[in-house]
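Both counts, for ligands and for their atoms, begin at 1 and track the order of listing. Predicted model only: the values in this text are computed from it and were never measured.
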Amino acid sequence: MTVAPQARTTASPYQSYVYAYPHKTAYRRLPDRPALRALWADQPKDALSLYLHIPFCEVRCGFCNLFTRIGAPGELTTAYLDALDRQAGAVRDALGDGGRFATAAFGGGTPTFLTAAELTRLCDIAEDRMGADLRAVPLSVEASPATATADRLRVLAERGATRLSLGIQSFVDAEARSAVRPQRRADVESALGRIRDARFPVLNIDLIYGIDGQTERTWRHSLDAALAWRPEELYLYPLYVRPLTGLGRRTGLGRRTGTGSDPAWDEQRLRLYRAGRDHLLAHGYVQQSMRMFRRADAPPQTADDYACQTDGMIGLGCGARSYTSGLHYSFDYAVDMHEIRGIIDDYVSRPAGDFAHAEIGRRIDTDEARRRHLLQSLLQAEGLPHAAYRERFDAAPADHFGPELARFADRGWLTDDGTVLRLTPEGLAHSDAIGPDLFSPAVRSAMAAYERK
Ligand SMILES: C[S@@+](CC[C@H](N)C(=O)[O-])C[C@H]1O[C@@H](n2cnc3c(N)ncnc32)[C@H](O)[C@@H]1O
Ligand code: SF4
């Protein structure tokens with residue numbers, strides 16, 4: 001059975017992927033424009049993660065709400081790299097001597113929208129300006145099939161990329177069209193061949209389920225086509241139609257973020273989720289989270305000494321976030337194409353001095369730090385060890401989140417063996433309802449205010 005996106009009208013508890021908390025729509029202008037030097041002065045800086053954001057794509061896919069624009073007219077990519085270089089210099093200055101990077105990633109958008117020469121420059125910025133030793137740390141890069149050309153892949157492999165993540169979404173051309181992601185299966189297969197030839201230790205493939213017209217049979221067909229390449233990782237994303245995206249406009253969603261939905265749609269999505277999960281488990285993959293699966297014999301990808309719940313992040317480029325323990329900050333955020341273009345134009349015009357301050361962000365107090373820790377651990381299949389929570393917050397998770405955890409347990413979504421709090425398989429399936437349930441009232445209302453803007 002397929003349920004047309006048009007059928008989704010009522011509010012659903014399954015809203016979105018909680019990949020970072022608090023969400024950027026809860027960030028606000030920081031009137032005091034704090035200096036990065038002061039923000040980072042007392043932070044642990046020996047295992048930072050570095051993220052460089054490239055906000056360009058060849059197309060704007062119908063489901064996509066990421067911070068990215070179509071194409072780069074004139075010399076925009078050069079101007080963007082110039083601005084990245086200025087920002088990197090200013091941020092490096094603010095970090096002082098102590099900063100050391102334990103992981104790095106180029107994301108987007110589509111980093112491989114840049115030419116091979118531009119990718120070389122991007123790596124130079126990460127290494128020479130920021131001091132990241134790209135060949136010594138895990139380096140992940142996102143790519144699309146059309147832009148995964150041999151010359152670009154060669155640069156990335158030579159500079160130390162350990163993981164190449166390819167957005168495919170569907171191996172069925174008609175489904176790709178329906179998701180407004182024009183691509184041909186033959187081109188996807190050639191891109192996969194080029195990526196395997198370049199010998200990155202890890203190939204990740206992104207697929208989407210819940211596309212209009214997709215059935216359990218066609219979903220399994222895409223999974224099998226992906227499995228034929230024995231990717232070390234697979235991400236299975238549910239399709240949520242969001243306002244201001246191509247599909248959102250088509251289905252008449254307004255400016256609100258969050259999705260419209262109805263129970264039949266949620267049921268269909270969960271059915272495809274279970275089919276996908278069971279298929280991958282039967283083919284030697286281990287589930288890491290609701291979306292992520294890793295081949296049982298694949299090399300681990302995180303640096304030994306990096307923990308996403310606690311360690312700092314430096315994001316460069318507009319659209320990138322940075323995290324200290326007390327403040328998350330970024331440049332401005334938008335989904336609407338026109339606004340995105342304005343923000344990028346503003347970014348490339350900024351002098352170096354502007355990059356020494358945080359302009360937009362959200363303060364993280366102790367309550368938010370606890371929520372973030374709980375969210376990020378609980379939504380992983382391995383769960384939250386009591387000891388890790390106690391070490392950081394000197395209490396048990398239930399001391400701070402008793403009612404929420406009891407609610408999840410009552411629904412059969414959560415188990416606690418006294419050592420680890422862990423989602424059940426059913427709980428993992430409902431991750432997208434669990435995440436938002438743990439947001440603080442303040443973050444919830446800031447997000448709602450952004451949505452009404
Ligand atoms: C930055 S793209 C990956 C690289 C490249 N831009 C591409 O699309 O091939 C991010 C990935 O997030 C996934 N995704 C899931 N939900 C999404 C959403 N609502 N908006 C954008 N991307 C989404 C897609 O599977 C997509 O491949
Ligand atoms: S899914 Fe990837 S290629 Fe498509 S618009 Fe989003 S970032 Fe660009």
Side-chain angles (χ1 to χ4, degrees), residues 5 14-20 23-25 51-72 105-114 140-149 152-153 156 161 163-171 175-177 179-184 187-188 191-192 195 203-211 214 219 222-223 226 231 233-249 251 253 257-259 261 269 272-273 276 289-293 317 319-320 333-337 340-341 344 431-432:
Y14 309 94
Q15 298 287 326
S16 62
Y17 185 14
V18 183
Y19 56 87
H23 191 264
K24 261 204 241 178
T25 52
Y51 177 76
L52 275 73
H53 184 81
I54 303 299
F56 305 111
C57 291
E58 297 194 303
V59 292
R60 177 69 158 174
C61 306
F63 52 85
C64 187
N65 63 347
L66 299 177
F67 188 92
T68 186
R69 57 162 292 157
I70 303 174
F106 302 157
T110 306
T112 46
F113 180 87
L114 299 178
S140 176
V141 183
E142 291 172 351
S144 68
T147 58
T149 56
R152 289 164 164 122
L153 295 173
L156 294 171
R163 177 177 183 270
L164 199 293
S165 176
L166 189 70
I168 292 180
Q169 329 310 351
S170 171
F171 281 85
E175 287 176 10
R177 266 197 308 281
V180 196
R181 162 93 178 183
Q183 71 187 10
R184 290 184 316 142
D187 298 332
V188 170
L192 283 161
I195 291 167
L203 161 66
N204 173 69
I205 292 179
D206 288 341
L207 296 175
I208 291 184
Y209 56 94
I211 299 172
Q214 193 177 37
W219 175 222
S222 273
L223 289 164
E233 292 176 5
L234 273 156
Y235 266 82
L236 311 186
Y237 290 97
L239 178 75
Y240 293 118
V241 177
R242 297 181 176 88
L244 297 180
T245 59
L247 290 178
R249 277 194 298 270
T251 53
L253 287 175
T257 52
T259 54
S261 193
R269 193 171 37 68
L272 292 174
Y273 164 77
S289 67
M290 176 184 157
R291 287 165 174 74
M292 192 202 175
F293 296 80
Y333 172 75
V335 178
D336 173 71
M337 293 280 261
I340 290 175
R341 286 198 292 265
I344 296 173
S431 292
D432 292 352

Atom indices of ligand 2 within 4.0 angstrom of [X] heavy atoms, with elements:
X      : result
Phe63  : 1 (S)
Gly109 : 7 (S)
Thr110 : 3 (S), 8 (Fe)
Arg181 : 1 (S), 2 (Fe), 3 (S), 4 (Fe)

In the structure I gave you, are the side-chain heavy atoms of [X] and [Y] within less than 4.5 Å of one another anywhere?
X      : Y      : result
Arg60  : Ile340 : yes
Glu58  : Pro182 : no
Asp432 : Tyr240 : yes
Leu244 : Asn65  : no
Leu192 : Leu166 : yes
Phe106 : Thr112 : no

(message) Minimum distance, heavy atoms only, to atom 23 (C) of ligand 1: which one of Tyr237, Phe63, Phe67 is it?
(response)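 Result: the heavy atom closest to atom 23 (C) of ligand 1 is in Phe63.
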For [X], atoms of ligand 1 separated by under 4.0 Å from a heavy atom:
X      : value
Gly167 : 7 (C), 9 (O), 27 (O)
Gln169 : 8 (O), 24 (C), 25 (O), 26 (C), 27 (O)
Arg242 : 18 (C), 19 (N)
Glu142 : 1 (C), 4 (C)
Leu66  : 1 (C), 10 (C), 21 (C), 22 (N)

(request) Using the side chain to side chain contact (heavy atoms under 4.5 Å, CB included) rule, pick out the option among Leu236, Ile168, Leu239 that qualifies with Ile208. (result)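 So, applying the side chain to side chain contact (heavy atoms under 4.5 Å, CB included) to Ile208 and each of Leu236, Ile168, Leu239, only Leu239 qualifies.
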(message) I need the contact type for Ala143 against ligand 1. Using non-hydrogen atoms and a strict under-4.0 Å cut-off, is it side chain, backbone, both or neither?
(response)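 It is the backbone that touches ligand 1; the side chain stays farther off.
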(request) Report the part of Arg291 (side chain from C-beta onward, or backbone N, CA, C, O) that has a heavy atom under 4.0 Å from ligand 1; answer both or neither where that applies. (result)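 The answer is neither; Arg291 stays 4.0 Å or more away.
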(request) Starting from atom 8 (Fe) of ligand 2, find the nearest protein heavy-atom neighbour and note its residue, name and distance. (result)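 The answer is Cys57 SG, 2.3 Å.
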(message) For Cys61, which part has a heavy atom under 4.0 Å from ligand 2: side chain, backbone, both, or neither?
(response)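 It is both backbone and side chain that touch ligand 2.
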(request) Indicate the ring-plane relationship of Tyr235 and Tyr237, choosing parallel, tilted or perpendicular according to the 30° and 60° boundaries. (result)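 Rings of Tyr235 and Tyr237: parallel, as their planes differ by under 30°.
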(message) Which heavy atom of Gln183 sits nearest to which heavy atom of Pro145, and what is that distance?
(response)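 Of all heavy-atom pairs spanning Gln183 and Pro145, the closest is OE1-CG, 3.8 Å.
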(message) Considering both backbone and side-chain atoms of Gly109, is one of its nitrogen or oxygen atoms within less than 3.5 Å of a nitrogen or oxygen in ligand 1?
(response)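 Yes: some nitrogen or oxygen of Gly109 is under 3.5 Å from one in ligand 1.
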(request) Could you say whether the N/O atoms of Asn65 and ligand 1 ever approach to under 3.5 Å? (result)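 Yes, there is a polar N/O contact under 3.5 Å.
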(message) Under 2.8 Å from atom 8 (Fe) of ligand 2 - does any N, O or S atom of Cys64 fall there?
(response)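 Short answer: no, not a single N, O or S atom is under the cut-off.
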(request) May I ask whether Gly108 has any heavy atom positioned less than 4.0 angstrom from an atom of ligand 1? (result)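 Yes, Gly108 has heavy atoms under 4.0 Å from ligand 1.
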Is there a donor-acceptor pair closer than 3.5 Å between any side-chain N or O of [X] and the backbone N or O of [Y]?
X      : Y      : value
Thr110 : Phe113 : no
Thr245 : Cys64  : no
Arg69  : Ile344 : no

(request) Check whether any heavy atom of Ile70 sits under 4.0 Å from an atom of ligand 2. (result)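 Per 4.0 Å heavy-atom rule, Ile70 does not contact ligand 2.
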